[in-house]
Amino acid sequence: MTLTIDNLTGGYSRLPVLHQVSFTVNPGELVGLIGLNGAGKSTTINHLIGLLTPFSGSISLNGANLATDPVAYKQQIAYVPETPVLYPELTLKEHLELTIKAYQLAEEPAWERAHRLLKRFRLENKLDWFPVDFSKGMKQKVMITMAFLTEAKLFIIDEPFYGLDPLAVRDLLNLIEEKKAAGAAILMSTHVLATAEQHCDRFVLLANGRVRAAGTLGDLKAQAPNPAASLDEIYLALATGDDHHDE
Amino acid sequence: MMNDLFARRKRRQFGLLLRYWRLVFNDHFIIALFFLFGALAYSYAQWLPQVSPSSWWVAPLVVAWLTVACQFGRLATLVERADPIALLPQTGRAVGYFRAAWYYSFWRGALISLAALVVALPLLLRTQAFSWFHLACWLVLAGLVKALWLLRARQEISFKPPYPGAKWWEPLVCWSLALWQPGLGLTVGLILFLAIRTRVLAQPEIAWRQAVATEEARMESVYRFFNLFTDVPHVQGRVKRRAYQAPLIHWLAKGEGPWEYLYGHGLARNAEVGNLVARLTLVAMVICYFITVPWLNLACLLLFTYLVASQLMPFYRQYDQVAFTHLYPLPNSAKRVAFRRLLNRVLLVAAGLICLASWSLGWANFSWDQRGLNLLAVLVEVWLLNRYYLKVRLKKSEEN
């Protein structure tokens, strides 16, 4: 069971942002998707969750191809967006109910998992709140709860560390570790390299819509001018020299 | 400088309101309003001859009507949140600004009061003999009472606010006296106006926080009015959990699917589409109730049912901006099926209610044949809307 992205070329209109991007995410693995603003991280993620249609190339998970069998593919993924967007007319409890319905989860165990997550993120007394009552960080926690409530095989997490307090960041990282140990694959895009360096098993460094480097921290170091450098320095060395362009 | 500032703001405000008015008059909702006012005017004209000249309740009703009418056309100060800070050095000259605001508000308010008086006159003249002197007194008093009301509104944003209820009691007293003895009412009104004017002139300081809050509340209600017809960015209906909505949500969201769940909760609680459908149904019921010409009655019933359906259509894409919507492991058809169900449920209730009102309960000249025809026609329309219109609209919306 692996997420396989094969020669993905894609973007928003006719102009491609991504050029022949290929990488994999294996079970029990946390892969960090890193790159400067406009490098193509969000575009990659938007393709992975089916918001954009590839110009060419394929995306498949555990044999289910996103283009040919979207239902089977989507059944296996969960997503935490960077900007928290919730349904304004649903309470927290109703968001969870909707997730349970959408993923056709068994109600009782799903609610048990939900209550554990709510407790962990200190949301258990806010079940009747509407999104308008939540702060940005709280909304993000709601979305993390919704994602981790599912029994997804692949978790896609976009820039999770902005807006979360340090306690919530720690809780999220623990949650990721648990899911990893249970055999799930996780793809996380982030700019917070110090945290990524500590927790990610592998990295995919995007630049100008292309995979500039990929592999473990050791692999990246080997490609960098100074092998003793930190991820920060490797990142800067590999990513600068690339032109910025907006996604 | 301060007078110029008000003139500038007045122009800007006028441009803004003009934009919204244009949208109001472009929308087919206005057709409904024309029908409504036409039906009301017609019913009023029909009803007048039935009022007995000795009816005791006419005067109190007219007094209440004019007192309520006086509450419309508020003091438009056009102050903004930054004013207390930005205009602090100009505080001494603020008097001119607020005087300009007062005159601006007076002309608009006086027009509303005069219009209300004109509407009430035919009723009033059923019980009172016509006299030019009385008419002149009432016309002057309509303006005077409004001026008095606006002075009280001006006092409310000073550090010495008037006694509570002044804006209701004073018009009530003046109009009560004026319908009994027009000259007396006018004299009392004039004395009150002069007395309060002296007091306002002696206390020119502005309670800025209060002034800003009052103006924001006023603009909020203006925007809310426009929001009935079009989307106003300033007005965002606040979503709240309301116990009485629970059975409605339960019924709308019936079905196992997540889309049914989402659409059902969304529509019941949505401040725009849900309210719009409810208001449109209500207006349609009132109009269909009053129109007793059979073919016109049926035409209105069918037209309004169609309008309800067309107002509901954009709701199909309501959640396109929420990423989760695209992530659910569901076939594309699930959304369409759920929306069709929602449309069917809402239309059946709305059309049912409008049809019930169109039966014009209590109107003797309406036959059971006509009622049966109305019911049959609207049921066929709902079926057609659901079967064909929905398909066309969804196809169009997905193409865009």
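Residue numbers start from 1 in every chain, and the chains themselves are labelled A, B, ... in the order their sequence lines are given, proteins ahead of strands.
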Please state whether the side chain, the backbone, both or neither of [X] comes within less than 4.5 Å of a heavy atom of chain B.
X: A:Glu94; answer: both
X: A:Phe130; answer: side chain
X: A:Thr91; answer: both

Assess whether atom [atom1] of [X] is packed by more than 12 heavy atoms of other residues, nucleotides or ligands within 6.0 Å.
X: A:Lys180; atom1: NZ; answer: yes
X: B:Lys254; atom1: NZ; answer: no
X: B:Phe72; atom1: CZ; answer: no
X: B:Asn332; atom1: CG; answer: no
X: A:Arg122; atom1: CZ; answer: yes

Applying side-chain hydrogen bond (donor to acceptor under 3.5 Å, both in side chains), run through A:Gln75 and B:Tyr328 and close with a yes or a no.
CA-CA 7 Å; A:Gln75 187 74 51; B:Tyr328 296 143; over 6 Å; no

Closest non-hydrogen atom pair, A:Ala102 against B:Pro258:
CA-CG, 3.6 Å

Taking all non-hydrogen atoms of both residues into account, name the closest pair between A:Lys101 and B:Gly257 and its distance.
CD-O, 4.2 Å

Distance in Å, [X] [atom1] paired with [Y] [atom2], rounded so as to fall on 0.5 Å steps:
X: B:Thr325; Y: A:Leu51; atom1: OG1; atom2: CG; result: 9.5 Å
X: A:Glu89; Y: B:Leu267; atom1: CD; atom2: CG; result: 9.0 Å
X: B:His265; Y: A:His95; atom1: NE2; atom2: NE2; result: 11.0 Å
X: B:Tyr319; Y: A:Leu86; atom1: OH; atom2: CG; result: 12.0 Å

Is the ring pair A:Tyr87/B:Phe324 parallel, tilted or perpendicular, if the boundaries are 30 and 60 degrees?
tilted

Tell me, side chain or backbone of B:Gln318 under 4.5 Å from chain A's heavy atoms, or both, or neither?
side chain

Given B:Leu330 and A:Val71, is the side-chain contact (heavy atoms from CB on, under 4.5 Å) satisfied, shown in steps?
CA-CA 6 Å; B:Leu330 300 167; A:Val71 175; 5.9 Å; no

Residue pair A:Tyr103, B:Leu327: steps toward the side-chain contact (heavy atoms from CB on, under 4.5 Å) verdict:
CA-CA 10 Å; A:Tyr103 288 86; B:Leu327 271 164; 4.2 Å; yes

